[in-house]
Amino acid sequence: MEPILEIQHLSISFHQYEKGFVQRELPVIRDLSLTLEPGEVTGVLGVSGSGKSLLAHALLDLLPYNSRREGTILFQGEPLTSQRIRKLRGKEIVLVPQGVTYLDPLMKVGPQLRKGRRDRGAREKVRSALARYGLKEAAADLYPFQLSGGMARRVLMASAVMDSPRLVIADEPTPGLDAKAASRLLGHFRELAAEGAAVLFITHDLELALAVAHRVAVFYAGETVEIARASDFPEGRLRHPFTQALWDALPQGAFRAIPGAQPYSGEVKEGCPFLARCPHPGNGCGQGELSLVPWNEGMVRCLYPHGEVMA
Amino acid sequence: MKQALFFAGKKAFRALLLLLGVSVASFLLLCASPLDPLRTNVGQAALGSMSQEQVAQLEAYWGADQPPVERYLGWLAGAVRGDLGTSLLYRQPVLTVIGQRLGSSLWLLLTAWVLSGVLGLALGITAGAFRGRWPDKLIRGWCLVISSTPAFWLALLFLLLFSVWLGWLPIGLSVPIGVEEEAVTLADRLQHALLPALTLSVTGVSNIALHTREKLVDVLGSDYILLARARGEREGAIVLRHGLRNVALPALTLQFGSVGEIIGGSVLVEQVFSYPGLGQAAVTAGLGSDLPLLLGVTLVTSGLVFGGNLLADLLYGVIDPRMKRGEGRP
């Protein structure tokens with residue numbers, strides 16, 4: 001099957017003024033490659049500042065004006081240019097954001113979802129989208145401040161499925177929800193994938209990512225360090241030491257944290273950004289650019305990955 | 001209902017307190033004025049040629065023989081009964097003088113108020129929507145120039161330009177000179193009020209425009225605008241549908257709050273254009289030690305300003321759904 005989204009060597013950098021008129025390019029995402037298949041939920045996992053939200057913004061052409069995008073993005077086989085995004089977003093490419101602050105506080109839910117249209121067809125669409133997530137027609141007549149946290153998430157889900165989307169981008173959609181509501185929300189994303197969409201699920205929560213995603217791409221300092229199947233985590237088939245450290249920090253893992261912190265983007269000029277915290281560095285880790293290579297049916301950006309290559 | 005009564009009572013109490021405070025302050029200022037009412041209004045030479053009895057009579061008329069506290073309390077006793085006294089300069093009841101003056105000022109103030117509000121909002125929205133690009137730079141630059149320009153100086157400039165050089169508009173007053181009152185047309189009045197109204201509007205615009213721009217920039221940077229963009233809404237529609245809606249409430253507060261600034265500006269502008277309005281009456285009363293008139297004018301203007309702010313408060317409750325529906329959370 002043709003993949004829905006192919007990201008090839010995507011880099012995003014910001015143009016900044018450093019002390020007066022000295023300009024510099026600040027890289028925030030470096031050499032990102034990721035393929036999203038229909039029917040699949042792909043988790044993008046990273047701590048804050050790793051550049052994962054910018055990925056969502058890049059796919060929706062919402063990056064700030066002082067940013068630059070390099071590399072190729074193909075959507076259903078064709079290059080995804082700014083013009084094409086502007087035609088597709090809201091219809092085939094949709095965003096499910098964090099919470100109620102993403103709704104206009106002074107506009108009722110219904111008109112907000114209709115995007116200014118007033119015809120019968122649009123009203124019907126809103127009604128059925130709300131109904132899909134268990135919201136009654138009366139919900140359309142509420143203002144965002146009248147919604148509970150869970151209701152707001154369901155409204156945001158409804159706003160995403162107004163036209164049948166091919167690519168669903170969820171940017172940290174669960175904070176503030178209790179476990180039950182969160183797992184119901186995760187179910188909704190699985191359901192969208194089952195209908196043939198590709199879901200990009202951005203989160204900093206590994207447990208959440210493992211609960212919803214088929215595959216997980218792990219971000220570290222603006223780079224994808226590993227792309228693994230969700231089942232690789234409990235089965236001990238992880239490739240990169242950072243991913244391993246993430247898993248080890250969970251109660252299901254060894255419940256053990258590693259010292260240090262993620263470097264700021266652009267801080268590490270050369271070599272592996274994880275080098276300073278790596279438990280088993282080797283020769284050549286501090287030099288040159290590392291690239292993402294296939295390893296054990298996944299991808300890894302490491303010179304000395306875990307595990308044997310299986311034939 | 002009980003809440004509404006409580007609200008009304010609280011506001012009325014505040015209004016009374018405000019009026020009392022303002023009248024005391026104006027009275028004290030006038031007491032502290034170095035101008036001697038007799039010398040200012042009668043003249044040094046005329047005073048010298050008068051007998052002791054005549055001077056004493058005049059002192060009594062101007063209230064110069066009374067101790068200040070007694071004088072103020074006397075005025076207050078009348079004011080509470082609705083009698084604001086008689087203007088010493090115009091020799092007419094203060095309410096009559098204020099009524100006349102307010103009549104000619106009111107629509108000058110209204111025009112300026114509406115014009116500055118509408119223009120300010122439009123310019124602010126435009127600047128905010130084009131943030132960082134040339135329309136924004138142009139509007140912002142213009143607003144900064146205007147807001148750092150004193151109103152009276154701008155009035156003089158307009159006088160020079162439109163009345164002296166171009167000769168399009170009269171140089172002052174509210175009606176043509178040498179025309180009987182019955183013969184004055186509405187067109188005459190409009191023509192005479194145009195320049196003062198223009199000056200007031202222009203000075204009022206910059207404040208509103210700059211504040212509106214700032215607010216719109218905040219709104220356009222918010223999460224819900226990000227989602228609106230992600231949902232494929234067009235930039236123009238976003239500004240009109242979400243931007244205008246969210247800017248409207250603060251703009252309203254600003255608009256009603258600007259009543260005070262417009263009235264303050266009118267004092268200077270009416271002076272420059274010799275426009276016989278409330279502002280000019282205030283200046284005349286202050287310089288001429290006409291205590292009853294000055295206090296009357298102060299009361300009326302502070303009442304207007306208070307009313308403006310009160311209206312903003314009330315409208316907020318009517319317009320903002322969060323306040324209107326706040327009680328019935330489902």
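In what follows, chains are A, B, ... by sequence order, proteins preceding strands, each numbered from 1.
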**Prompt:** Within a radius of less than 6.0 Å around CZ of B:Arg140, do more than 12 heavy atoms belonging to other residues, nucleotides or ligands occur?
**Reply:** yes
**Prompt:** If you count the non-hydrogen atoms of other residues, nucleotides and ligands that lie under 6.0 Å from CD in A:Glu195, is the total more than 12?
**Reply:** yes
Any side-chain heavy atom of [X] within less than 4.5 Å of one from [Y]?
X	Y	value
B:Leu226	A:Tyr102	yes
A:Arg86	B:Arg234	no
A:Pro105	B:Asn246	yes
B:Asp223	A:Leu103	no

**Message:** Under 4.5 Å from any heavy atom of chain A, what part of B:Ala230 do you find: side chain, backbone, both or neither?
**Reply:** both
**Under 4.5 Å from any heavy atom of chain A - which part of B:Ile225** = neither
**Message:** Quick check for you: among A:Leu156, A:Leu60, A:Ile93, A:Asp104, which has the greatest number of heavy-atom pairs under 4.5 Å with chain B?
**Reply:** A:Asp104
**Prompt:** Where do A:Phe145 and B:Pro321 come nearest, in terms of heavy atoms and distance?
**Reply:** CZ-O, 3.4 Å
Spacing of [X] atom [atom1] and [Y] atom [atom2] [to the nearest 0.5 Å]:
X	Y	atom1	atom2	answer
B:Arg231	A:Lys91	CZ	NZ	10.5 Å
A:His57	B:Arg229	NE2	CZ	11.0 Å
B:Leu227	A:Asp171	CG	CG	11.0 Å

**Prompt:** Counting distance only, does the side-chain N/O of B:Arg245 pair as donor-acceptor with the main-chain N or O of A:Leu106 below 3.5 Å?
**Reply:** yes
**Prompt:** After noting the C-alpha distance and the side-chain angles of A:Gln146 and B:Arg322, does the key distance pass the side-chain contact (heavy atoms from CB on, under 4.5 Å) rule?
**Reply:** CA-CA 9 Å; A:Gln146 295 170 304; B:Arg322 284 165 296 192; over 6 Å; no
**Request:** Go through the atoms of A:Pro144 and report whether side chain, backbone, both or neither lie under 4.5 Å from a heavy atom of chain B.
**Result:** neither
**Asked** Can you pull out the residues in residues 114-126 of chain A with any heavy atom less than 4.5 Å from chain B?
**Response** A:Lys115, A:Gly116
